[in-house]
Amino acid sequence: MSSDVLAIQNAEAASRPWVETLHEWVTTVDHKRLGILYILYALVFLVIGGIEATIIRIQLMRPHNDFVSPQCSIACSPCMVRP
């Protein structure tokens, strides 16, 4: 009997539009969903930071390396003060 209930819930979840499901997840106050979102956001920013760190390490491997151009370095860095 419990498998019938699970099948019905999965069918209802699959029929909803993805925008509604996304809105439900983003605006939730359920602590379990918030924990999942917290972990997902942490993993996303870990990957972004790892990619940026790899780019910096490649740039600094040798003097006068042109892996990242000065224009891209200034334009892509939100922390640098632009003249």
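- Through side-chain heavy atoms spaced under 4.5 Å, either directly or across other Ile, Leu, Val, Met, Phe, Trp or Tyr residues, Leu40 is tied to Trp25, Ile36, Leu37, Tyr41.
- Within the structure, the side chain to side chain donor-acceptor pair (under 3.5 Å) test picks out no pair touching residues 52-62 (sequence neighbours left out).
- Here the CD1-CG distance, from Ile51 to Leu46, works out to 10.0 Å after rounding to the nearest 0.5 Å.
- Val26 and Val44 fall into different hydrophobic clusters, where Ile, Leu, Val, Met, Phe, Trp and Tyr side chains are chained together by heavy-atom contacts under 4.5 Å.
- Nearest heavy atom pair, residue Asn65 against residue Ile58, reads ND2-O, 2.8 Å.
- Linking Ile, Leu, Val, Met, Phe, Trp and Tyr residues whenever their side-chain heavy atoms come within less than 4.5 Å leaves Phe45 and Val47 in two separate clusters.
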